[in-house]
Number of protein chains: 2
Amino acid sequence: MDRGSWNGDSMTADARPAAPALTERQEARRRRILHASAQLASRGGFEAVQMREVAEAAGVALGTLYRYFPSKIHLLVATMQDQLQHLHTTLRKRPPAGDDAAQRVAETLMRAFRALQREPHLADAMVRALTFADRSVSPEVDTVSRLTTAIILDAMGLEHPTPEQLSAVRVIEHTWHSALITWLSGRASIAQVKIDIETVCRLIDLTAGPDRG
Amino acid sequence: MDRGSWNGDSMTADARPAAPALTERQEARRRRILHASAQLASRGGFEAVQMREVAEAAGVALGTLYRYFPSKIHLLVATMQDQLQHLHTTLRKRPPAGDDAAQRVAETLMRAFRALQREPHLADAMVRALTFADRSVSPEVDTVSRLTTAIILDAMGLEHPTPEQLSAVRVIEHTWHSALITWLSGRASIAQVKIDIETVCRLIDLTAGPDRG
DNA sequence: CGCTAATCTAGAACAAGTTTCAGACTTGCT
DNA sequence: AGCAAGTCTGAAACTTGTTCTAGATTAGCG
């Protein structure tokens, strides 16, 4: 998991055929766009991110915006990648300090959760985009998924997880996303999300335990 | 968990503040709309369900369609309610026959999964609508959620679940929805979904065990 | 039956995502 | 510098969800 360059396709040549090496001004444009997107999302959530407004706020033409991000969903998923990166960096600086893996994962996720709570509208926009994404966004969504997996594995302190453990991690991710959605749409309280996260984290002990029997 | 009519606006006055007792022709219209919706969804998924086309196929004016279902999301969530009802009925006729609760739940969910596999476009439309729904659709989404919970509890054979068990069921639902999405968007194979379902179902043993000790 | 309120219809109009296009600007190359 | 290819801009057009309006139809009721 190399930090820095972002869709670390350094060795896996599968996903993007070729990120065509942006010039400096292009990189700047890209960042302005992502910034505008996050800003608008923070205000009013998914619907407040209107392509015309993003373009204007970023100082680019609408056509250019669409050249960089082929749809609103792509844009918001990219925004989520961006935010997750920040989170991952932050978490690396202060790793969770629980006794066992399950505790550390639960603590990590709840920390992430509180970060999202501070910008509920932004969270709304990103998560809605993520789950609404169709096949055309699969590579980008997959990147987000890998990032999330990396964060969880970090918390578990695992280098070489077994397939069983990977499955547990996937289930934790499922729960995380879905719980987030129910919270965002007001159908679950934060307390309930906490309980669900803690519940699913028990799977970690379950997959770690039998191994040593 | 009362069995019987499920959308039962007829007598159970719980969910909707006042379903204003539709006339026969109105009931017929409503059914034509839902039918048209499912039909179009079966063909081309979420995007193929276009409100003008639904209205035309159902033989109602666009304004009428919006009177019955205030948005495309409402319409598709209602469609999902409808389909879940069918599923629930079917499952009741042939309950799963596993030895322990976890097995039965996993089998039930995989059966539901195979049913959805037969109409992947329909599944796509319904699930995307469900997870994209915002607060304005909360009551309807909640109904779907309760239906799903009922199906799982049925499979477990529980009448009076403990809070702990309810939490496990919620986590299973989270996993179910999210796994469905990853499959629909082509990011996970059916085999992987099966593994994830089985993994999360282990939580059932975990919450059932301590209780009876 | 005849009245009134509610519902339904056809169609225009509006909103926001997406596409398109002609012309201006950059970039890379020789 | 000068040219070719690619990129960016501004604006209009197109699509589909949603809203609105005026007039026709229907339902409930005396």
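Below, read A as the first sequence line, B as the second, and so on, with proteins coming before strands; counting in each chain starts at 1.
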Between the protein and nucleotides 16-23 of chain D, list every N/O to N/O distance that falls short of 3.5 Å.
residue : atom : partner : partner atom : Å
D/dT16  : OP1  : B/Q50   : NE2          : 3.1
D/dG17  : OP1  : B/V49   : O            : 3.4
D/dG17  : OP1  : B/K72   : NZ           : 3.0
D/dG17  : OP2  : B/M51   : N            : 3.1
D/dG17  : N7   : B/R52   : NH2          : 2.5
D/dG17  : O6   : B/R52   : NH2          : 2.9
D/dT18  : OP2  : B/Y66   : OH           : 3.0
D/dT18  : OP2  : B/K72   : N            : 2.9
D/dT18  : O5'  : B/Y66   : OH           : 3.4
D/dT18  : O4   : B/R52   : NH1          : 3.3

Extract from the structure each pairing of a protein N or O with an N or O of nucleotides 26-30 of chain C at less than 3.5 Å, listing the distance.
residue : atom : partner : partner atom : Å
C/dT26  : O3'  : A/R25   : NH1          : 3.4

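For A/E53, the side chain to side chain contact (heavy atoms under 4.5 Å, CB included) partners two or more places apart in sequence, or in a different chain, are A/L40, A/Q50. Among residues two or more places apart in sequence or in another chain, the side-chain hydrogen bond (donor to acceptor under 3.5 Å, both in side chains) test is passed with A/S37 by A/T79. The side-chain hydrogen bond (donor to acceptor under 3.5 Å, both in side chains) search around A/Q83 returns none, not counting sequence neighbours. Scored by the side-chain hydrogen bond (donor to acceptor under 3.5 Å, both in side chains) test, B/S71 finds B/H74 as partners (sequence neighbours excluded). The side chain to side chain contact (heavy atoms under 4.5 Å, CB included) test applied to B/T90 returns no partner, not counting sequence neighbours. Contacts of A/P161 classified as side chain to side chain contact (heavy atoms under 4.5 Å, CB included), with partners at least two apart in sequence or in another chain: A/L153, A/L158, A/Q165, A/L166. Residues satisfying the side chain to side chain contact (heavy atoms under 4.5 Å, CB included) criterion with A/D142, sequence neighbours excluded, are A/R146, B/R187.
Residue pairs that meet the ring-ring contact (aromatic ring centres under 6.0 Å, His included) test with at least one member in residues 119-155 of chain B, sequence neighbours left out, are A/F46-B/F132, A/F132-B/F132. Annotation: side chain to side chain donor-acceptor pair (under 3.5 Å) contacts involving residues 122-134 of chain A, sequence neighbours excluded, comprise A/D124-A/R128, A/D134-A/S136.
Rounded to 10°, the angle separating the first-five-pair axis and the last-five-pair axis of the helix from C/dC1-D/dG30 to C/dT30-D/dA1 equals 20°.
Computed from coordinates, the A/L65 CG to D/dG10 C1' distance equals 14 Å when rounded to whole Å. Atom CZ in A/R67 sits roughly 17 Å away from atom P in C/dT18 (whole-Å rounding). Put simply, CZ on A/R30 is 13 Å from P on D/dC8, counting in whole angstrom units. Distance, B/E24 CD to D/dG28 C1': 16 Å, rounded to whole Å. One can place CG of A/L76 at 15 Å from C1' of C/dT18, the figure rounded to the nearest angstrom.
Checking the phosphate oxygens (OP1, OP2) of D/dT26, no side-chain nitrogen or oxygen of B/Q26 falls inside 4.0 Å.
As judged by a 4.0 angstrom heavy-atom cut-off over every strand, B/Y68 is placed among residues touching the sugar-phosphate backbone only.
Shown here is B/E56, whose CD atom has no more than 12 heavy atoms of other residues, nucleotides or ligands within 6.0 Å.
Partner of A/S178 under the side chain to side chain donor-acceptor pair (under 3.5 Å) criterion, chosen from B/R170, B/E173, B/H174: B/H174.
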